[in-house]
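Keep in mind that what you see is a predicted model, and the values were worked out from it rather than measured. In what follows, residues are counted from 1 in the order of the sequence shown.
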Amino acid sequence: MENRYHYASVSVALEELKTVGFTVDYNLQEEAIMDYPDRYEIVHIYRYEGNSNPDDEAVVYGIESNTGEKGVFVAGFSANSESDAARVLREISIKGKNKQQ
């Protein structure tokens, strides 16, 4: 089950998640996320929208693996900046919403 939080900035979201045990940088493990998406669950989502420039938009995912490892993945939100792993995470998030309904 995912939780949505609103922080002042991406860096504040990352610091807060770190204080509750989300210490792994999943941006360094993009291939694992793409190859084995069923091993990960998104438990927190934070979307940051820049005030003046749409290119400043970002999403912070708080992720927990099936082994209990917790970490974060930061993705640009604009269509031209989204990585393959970010698309997979978005799909995991969408599937999770369908399970809750």
Reported [atom1]-to-[atom2] distance for the pair [X] and [Y], which is rounded to 0.5 angstrom:
{"X": "L17", "Y": "K70", "atom1": "CG", "atom2": "NZ", "value": "10.0 Å"}
{"X": "N66", "Y": "R39", "atom1": "CG", "atom2": "CZ", "value": "6.5 Å"}
{"X": "H44", "Y": "E16", "atom1": "NE2", "atom2": "CD", "value": "9.5 Å"}

Side chain to side chain donor-acceptor pair (under 3.5 Å) involving S11 - partner list, sequence neighbours excluded: S9
Test item: V24 and I63 side chains (from C-beta on) under 4.5 Å apart, heavy atoms: no
Heavy-atom side-chain contact between V20 and F22 under 4.5 Å: yes
Let me have the donor-acceptor pairs involving side chains of residues 27-34, under 3.5 Å, with sequence neighbours excluded, atom names and distances please.
unit_1 : atom_1 : unit_2 : atom_2 : d
N27    : OD1    : V74    : N      : 2.9
N27    : ND2    : V74    : O      : 2.9

Which atom of S65 lies closest to which atom of T67, heavy atoms considered: OG-OG1, 2.7 Å
Y26-Y61 aromatic ring centre distance below 6.0 Å: no
Derivation and outcome, side chain to side chain contact (heavy atoms under 4.5 Å, CB included), residues L14 and V60: CA-CA 8 Å; L14 292 173; V60 176; 3.8 Å; yes
